[in-house]
Visitor: 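Quick one: structure below, then a few questions.
Quick note on labels: first sequence line is chain A, next is B, and so on, each numbered from 1.
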2 protein chains.
Amino acid sequence: MKETILVVDDDRNICELIKMYLEDEYTVEVVHDGGSVIEKIKQTNPVLVILDIMLPVKNGLEVCKEIRQQRDIPIIMLTAKGEEIDKILGLELGADDYITKPFSPREMAARVKAVMRRARPAEKKEQVLRFPGFVIDMECHQVMVNGEQVELTPKEFELLWLMAANPGKVFTREKLIEDVWGYNFYGDTRAVDSQVKRLRRKLESIPGAPVYIHTVWGIGYKFEVLG
Amino acid sequence: MKETILVVDDDRNICELIKMYLEDEYTVEVVHDGGSVIEKIKQTNPVLVILDIMLPVKNGLEVCKEIRQQRDIPIIMLTAKGEEIDKILGLELGADDYITKPFSPREMAARVKAVMRRARPAEKKEQVLRFPGFVIDMECHQVMVNGEQVELTPKEFELLWLMAANPGKVFTREKLIEDVWGYNFYGDTRAVDSQVKRLRRKLESIPGAPVYIHTVWGIGYKFEVLG
DNA sequence: GCATATTTTGACTTGTTTTAACCAAAAATA
DNA sequence: TATTTTTGGTTAAAACAAGTCAAAATATGC
């Protein structure tokens, strides 16, 4: 399930624009006035709120304050140029960031990303997986089989990483697509077969390399280094 | 043990805000007037001071000068918009950075991070990187390839330094922008390509120079001197 | 304030990867 | 053994990422 971002702006064009840029990664909910924000937050439980200051029914500053009283959701304020941003930041309100209209969608996306990164403290994952005669290095994006380097494309690498991180566990094609390709992939599950095939060819082209990726007939694939 | 950051501002809301954003990583001490700063520094031994200019009892500029006379602690000044920032930085005062109020907490956190990164490794980290037939000298801001000097622009140099300091590690364009360009660059990631291209051209124009900067398709770039 | 150097951007080209469709082979089922 | 189902291999086209160049924007030094 994707996380939700709530956008509050009375200008529907702006809402659409923001939505377009974020909906690859998030579910984007939209509200057009300040009166129904709190209600919507309860319903959709967003991880971030993008909030215009000039709003019908209830001012964005008030809304911001209200949200802050109830929950600890990161808030990015939208302000027109020249609006008094003094009050927005720091002080009583404590929005996490602000964007001045008009803004470039790219900047908006970058700021969202930055705020989210701060909000979700970095979980440091293991960067290297090791098996006998087999090393997968996330940092260097590199795979070594019996001391020989194997060049992998991004998809191949991700696929291998996911399976190797859970050795022995069987992944269905659907699961692999969900985890490697992402939510918004509507292609054939046969795409997985293709990737697996090329991954196998590359890995097993090294002399003496064992079979790493096993077909579990009727289910999917699994990674296992057999003695 | 966490390191300590000292915040000096008479506005308690701002102090609270800064504290919120930094206390994950640091112990945050707070002082509300300019008179007791020196005393507090002796007590808590902070690694960084965030200092408002407008302070009761004693002016922030004076305090800054005093701190500088005694210790080599990085200082970030807080200024209201329109205050004369010329004097703050460089010469007489020598603050390391400044933030204009009102500021977004995000920007503040990023600047703290940047100042800390710059300040800390100064003592221990190596100022010169050496590879076979290849020397990068941070102090002289100079690069030698096979004995020949290569002139690099600031961005080119920083880019090269970052990657060469972590040979083999792959950097995404986003990561490079974050580390080399800084937090307030929201341009195209294509800018990285441009820099890399010119960097490559300069480095590889030397006869016999190997390829240093490698493209990792779909991910980014890495520095590696291959045998 | 002007001239110069540097950086960024956009359009275009080139090259690689990914996808989707097809068919053959293998495994399970009847 | 014949049939159905599932998997694997191949390939061309589409999608995408990276390289290149030059002009515009920006910063820098005089």
Side-chain angles (χ1 to χ4, degrees), chain A residues 24 104-107 110 141 143 150-163 170-205 211-223, chain B residues 85-86 89-90 141 143 150-163 170-205 211-223:
Chain A
D24 277 358
S104 84
R106 199 163 46 207
E107 174 178 343
H141 212 264
V143 175
V150 182
E151 294 289 345
L152 297 183
T153 68
K155 279 261 155 51
E156 289 164 1
F157 189 90
E158 278 191 72
L159 201 58
L160 177 61
W161 179 268
L162 176 63
M163 293 201 286
V170 180
F171 291 85
T172 64
R173 288 178 177 69
E174 285 76 17
K175 181 73 182 148
L176 289 171
I177 282 187
E178 197 183 310
D179 288 359
V180 175
W181 274 257
Y183 301 99
N184 40 2
F185 177 85
Y186 295 108
D188 201 332
T189 52
R190 199 41 55 83
V192 178
D193 294 38
S194 245
Q195 291 294 343
V196 168
K197 189 206 121 211
R198 283 187 300 118
L199 190 49
R200 276 176 170 158
R201 184 170 57 197
K202 284 190 183 177
L203 295 180
E204 290 160 19
S205 71
V211 174
Y212 299 112
I213 298 169
H214 303 268
T215 302
V216 182
W217 216 92
I219 312 289
Y221 298 98
K222 69 174 172 179
F223 177 95
Chain B
I85 42 177
D86 305 33
L89 303 169
H141 214 264
V143 176
V150 181
E151 293 291 343
L152 296 183
T153 67
K155 278 263 154 55
E156 289 164 1
F157 188 88
E158 277 192 71
L159 201 58
L160 177 61
W161 179 267
L162 176 62
M163 293 203 284
V170 180
F171 291 83
T172 63
R173 289 176 177 70
E174 285 77 16
K175 181 75 182 145
L176 289 170
I177 282 185
E178 198 182 307
D179 288 359
V180 175
W181 274 255
Y183 49 88
N184 48 359
F185 178 85
Y186 292 109
D188 202 324
T189 52
R190 200 37 58 85
V192 178
D193 294 36
S194 242
Q195 292 294 342
V196 167
K197 188 201 134 210
R198 281 185 298 119
L199 190 49
R200 276 175 172 161
R201 186 169 56 197
K202 285 189 182 176
L203 295 179
E204 290 160 20
S205 71
V211 174
Y212 300 113
I213 298 169
H214 302 266
T215 301
V216 182
W217 217 93
I219 310 291
Y221 298 99
K222 70 175 170 179
F223 177 95

Visitor: Quick check: any donor-acceptor pair below 3.5 Å linking the side-chain of B:Ser194 to the base of C:dT9?
Guide: yes
Visitor: Provide, to the nearest angstrom, the distance between the CZ atom belonging to A:Arg190 and the P atom belonging to C:dC23.
Guide: 14 Å
Visitor: Going 5' to 3' along DNA chain D, which are the first and last nucleotides with any atom under 4.0 Å from a heavy atom of chain A?
Guide: D:dT6 to D:dT10
Visitor: Let's go through B:Tyr212 and B:Arg200 carefully: what are the C-alpha distance in whole Å and the side-chain angles of both, what is the deciding distance for side chain to side chain donor-acceptor pair (under 3.5 Å) to 0.1 Å, and is it a yes or a no?
Guide: CA-CA 8 Å; B:Tyr212 300 113; B:Arg200 276 175 172 161; over 6 Å; no
Visitor: For B:Arg200, which contact category applies under a 4.0 Å heavy-atom criterion: base, sugar-phosphate, or nothing?
Guide: sugar-phosphate
Visitor: Just the rounded figure in Å: distance from P of C:dA26 to CG of A:Asp193.
Guide: 16 Å
Visitor: Using C1' atoms of five pairs at each end, report the bend of the helix from C:dG1-D:dC30 to C:dA30-D:dT1 rounded to 10 degrees.
Guide: 40°
Visitor: State, yes or no, whether a side-chain contact exists between B:Glu174 and B:Val192 at a heavy-atom distance under 4.5 Å.
Guide: no
Visitor: Set out, in order, the CA-CA distance, both residues' side-chain angles and the distance that settles side-chain contact (heavy atoms from CB on, under 4.5 Å) for B:Val143 and B:Leu203, then state yes or no.
Guide: CA-CA 9 Å; B:Val143 176; B:Leu203 295 179; 4.3 Å; yes
Visitor: Output the rounded distance in Å from CG (A:Leu199) to C1' (C:dT17).
Guide: 14 Å
Visitor: For the residue pair B:Trp181 and B:Phe185, does the interplanar ring angle fall in the parallel (under 30°), tilted (30 to 60°) or perpendicular (over 60°) class?
Guide: tilted
Visitor: Under 4.5 Å between any side-chain heavy atoms of A:Phe157 and B:Ile219, yes or no?
Guide: no
Visitor: What's the CG-C1' distance between B:Leu152 and C:dT7, to the nearest Å?
Guide: 14 Å
Visitor: Over how many whole Å does the gap from A:Leu176 atom CG to C:dT19 atom P extend?
Guide: 13 Å
Visitor: Of A:Arg106 and A:Gln195, whose nearest nucleotide on DNA chain C comes first from the 5' end?
Guide: A:Arg106
Visitor: Take the protein atom OH of B:Tyr186 and the nucleotide atom C1' of C:dT8, then report the distance between them rounded to whole Å.
Guide: 17 Å
Visitor: What is the separation between atom CG on A:Leu159 and atom C1' on C:dT19, rounded to the nearest whole Å?
Guide: 15 Å
Visitor: Whole Å only: how far is the CH2 atom of A:Trp181 from the P atom of C:dT17?
Guide: 15 Å
Visitor: Does A:Tyr221 reach the side chain of A:Val216, with side-chain heavy atoms less than 4.5 Å apart?
Guide: no
Visitor: Could you tell me whether the side chain of A:Leu199 reaches within less than 4.5 Å of the side chain of A:Gln195, counting heavy atoms only?
Guide: no
Visitor: At under 4.0 Å between heavy atoms, what does A:Lys197 touch on the DNA or RNA strands: base, sugar-phosphate, or nothing?
Guide: base
Visitor: When you measure from the side chain of B:Trp217, which nucleotide among C:dG15, C:dA28, C:dT18 comes out closest?
Guide: C:dG15
Visitor: Taking the side chain as every heavy atom from C-beta outward, state whether B:Leu160 and B:Phe223 have any atom pair closer than 4.5 Å.
Guide: yes
Visitor: B:Arg198 pairs by salt bridge (charged side-chain N to carboxylate O under 4.0 Å, His left out) with which of B:Glu156, B:Glu204, B:Glu151?
Guide: B:Glu156
